[in-house]
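Presented below is the structure to which this report refers.
Order of the sequence lines fixes the chain letters, A, B, ..., with proteins taken first and strands second; residue numbering starts at 1 for each chain.
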Number of protein chains: 2
Amino acid sequence: MDISIDEFTRKIRSRGYKLTPQRRVILEILIKNKDNPLTPEGVYKQVKISCSEVGLTTVYRTLELLRKIGVVNHVHFHDGCDRYEINDGKPHHYLICLNCGKVERTNLCFIDKMQKILEKDTAFKITEHCLSFFGYCRFCQLRK
Amino acid sequence: MDISIDEFTRKIRSRGYKLTPQRRVILEILIKNKDNPLTPEGVYKQVKISCSEVGLTTVYRTLELLRKIGVVNHVHFHDGCDRYEINDGKPHHYLICLNCGKVERTNLCFIDKMQKILEKDTAFKITEHCLSFFGYCRFCQLRK
DNA sequence: CTCCGTGCAAAGCATTTGCATGATG
DNA sequence: CATCATGCAAATGCTTTGCACGGAG
């Protein structure tokens with residue numbers, strides 16, 4: 001287990017933010033779903049399932065806060081809503097099937113290399129990136 | 001000039017879609033803005049500037065149509081709206097400054113290679129991808 | 001006591017849909 | 001002239017904001 005809640009709570013506190021029960025619950029859910037980027041609505045539902053109570057507004061605000069301090073990443077599946085995943089320091093990239101919606105994760109990555117070259121070439125200081133691939137999974141290829 | 005409107009209109013017609021004046025205007029605008037992914041609203045404004053009349057709904061529908069037949073790409077800048085750019089066959093990737101919003105384009109790309117390996121490893125058939133980098137441009141780095 | 005965080009309700013936008021009208025091949 | 005495309009208005013859905021209440025230090 002390379003993700004600990006303590007590590008993240010430290011990060012939150014060190015920035016002067018309080019670790020409220022709501023923030024803790026949301027963090028736990030994100031850690032539990034580390035392989036599955038959740039929408040704010042998805043986080044909200046999981047909160048209910050775990051028998052806790054957190055307002056949807058708070059979910060939105062917390063996710064944005066966590067993103068700002070680098071605890072979660074922002075991901076897009078082109079389906080009209082934002083998704084968030086815990087940032088464990090490894091690159092996460094996704095394969096999204098345009099037919100069945102299946103999502104596969106891959107951590108194959110040339111991005112580090114690409115990022116370094118880009119930073120040198122452009123003098124940009126890169127802090128985040130977002131990469132998703134879209135296409136058809138092996139089953140949907142057959143079904144067409 | 002490596003982008004011709006005829007090339008795209010052929011693509012549209014060959015799929016059984018009609019080439020209406022509205023679609024033509026939108027195509028022209030996308031070609032004119034090939035270095036600058038536009039939001040549907042942005043396309044709509046450009047239409048007005050060029051003294052044409054196209055409903056916003058039609059803009060949405062046309063962009064989605066063009067995306068489906070591979071004429072435009074879908075891009076995300078994490079700012080709450082979709083963006084579209086003409087697909088000239090070259091990879092387009094972006095550097096988005098989180099401070100001033102400046103967007104730079106780069107076509108440095110390991111994605112082709114990455115895509116081939118991914119397809120082999122996962123049996124996914126990849127048809128699109130979306131890659132953006134976020135960070136701070138050289139000016140905003142100094143201003144902080 | 002002062003802040004910061006929360007949660008409700010309402011507002012704000014981007015996007016989609018229903019439907020009657022209009023244009024195209 | 002049948003079909004597909006358009007455009008308005010309304011609906012939808014995700015996200016943000018205003019504001020009063022509540023809790024921690």
Euclidean distance, atom [atom1] of residue [X] to atom [atom2] of [N] [Å, nearest integer]:
| X | N | atom1 | atom2 | result |
| --- | --- | --- | --- | --- |
| L65(A) | dG5(C) | CG | P | 8 Å |
| L38(B) | dT15(C) | CG | P | 13 Å |
| L63(B) | dT15(C) | CG | P | 10 Å |
| H74(B) | dT15(C) | NE2 | P | 8 Å |
| H78(A) | dA14(C) | NE2 | P | 17 Å |
| I69(B) | dA5(D) | CD1 | C1' | 14 Å |
| L19(B) | dA23(C) | CG | P | 16 Å |
| K45(B) | dC13(C) | NZ | C1' | 12 Å |

Check the pair T106(B) / F133(B) against side-chain contact (heavy atoms from CB on, under 4.5 Å), numbers first and verdict last.
CA-CA 10 Å; T106(B) 166; F133(B) 293 92; 5.5 Å; no
Take Y44(B) and Y17(B), find for each the nucleotide of DNA chain D with the closest heavy atom, and name the residue whose nucleotide sits nearer the 5' end.
Y17(B)
Looking only at side-chain atoms of R23(A), point me to the closest of dA5(D), dG5(C), dG25(C).
dG5(C)
Side chain of Q22(B) (C-beta onward), nearest among dT6(C), dT24(C), dT6(D):
dT6(D)
Do [X] and [Y] have side chains that approach each other closer than 4.5 Å (heavy atoms only, starting at C-beta)?
| X | Y | result |
| --- | --- | --- |
| R83(B) | Y94(B) | no |
| Y17(A) | L65(A) | yes |
| E85(B) | K34(B) | no |
| M114(A) | H129(A) | no |

For H74(B) and H76(B), I'd like to know if the aromatic rings sit close, meaning centre-to-centre distance below 6.0 Å.
yes
Protein-proximity profile, nucleotides 10-25 of chain D, B/S/- by nucleotide at the 4.0 Å heavy-atom cutoff, equals ----SBBBB-------
Decide salt bridge (charged side-chain N to carboxylate O under 4.0 Å, His left out) for K32(B) and E28(B); before the verdict, give the C-alpha distance in whole Å, the side-chain angles of both, and the deciding distance to 0.1 Å.
CA-CA 6 Å; K32(B) 202 185 299 168; E28(B) 282 167 357; over 6 Å; no
Between T58(B) and dG7(D), is there a contact of a side-chain N or O with OP1 or OP2 at under 4.0 Å?
yes
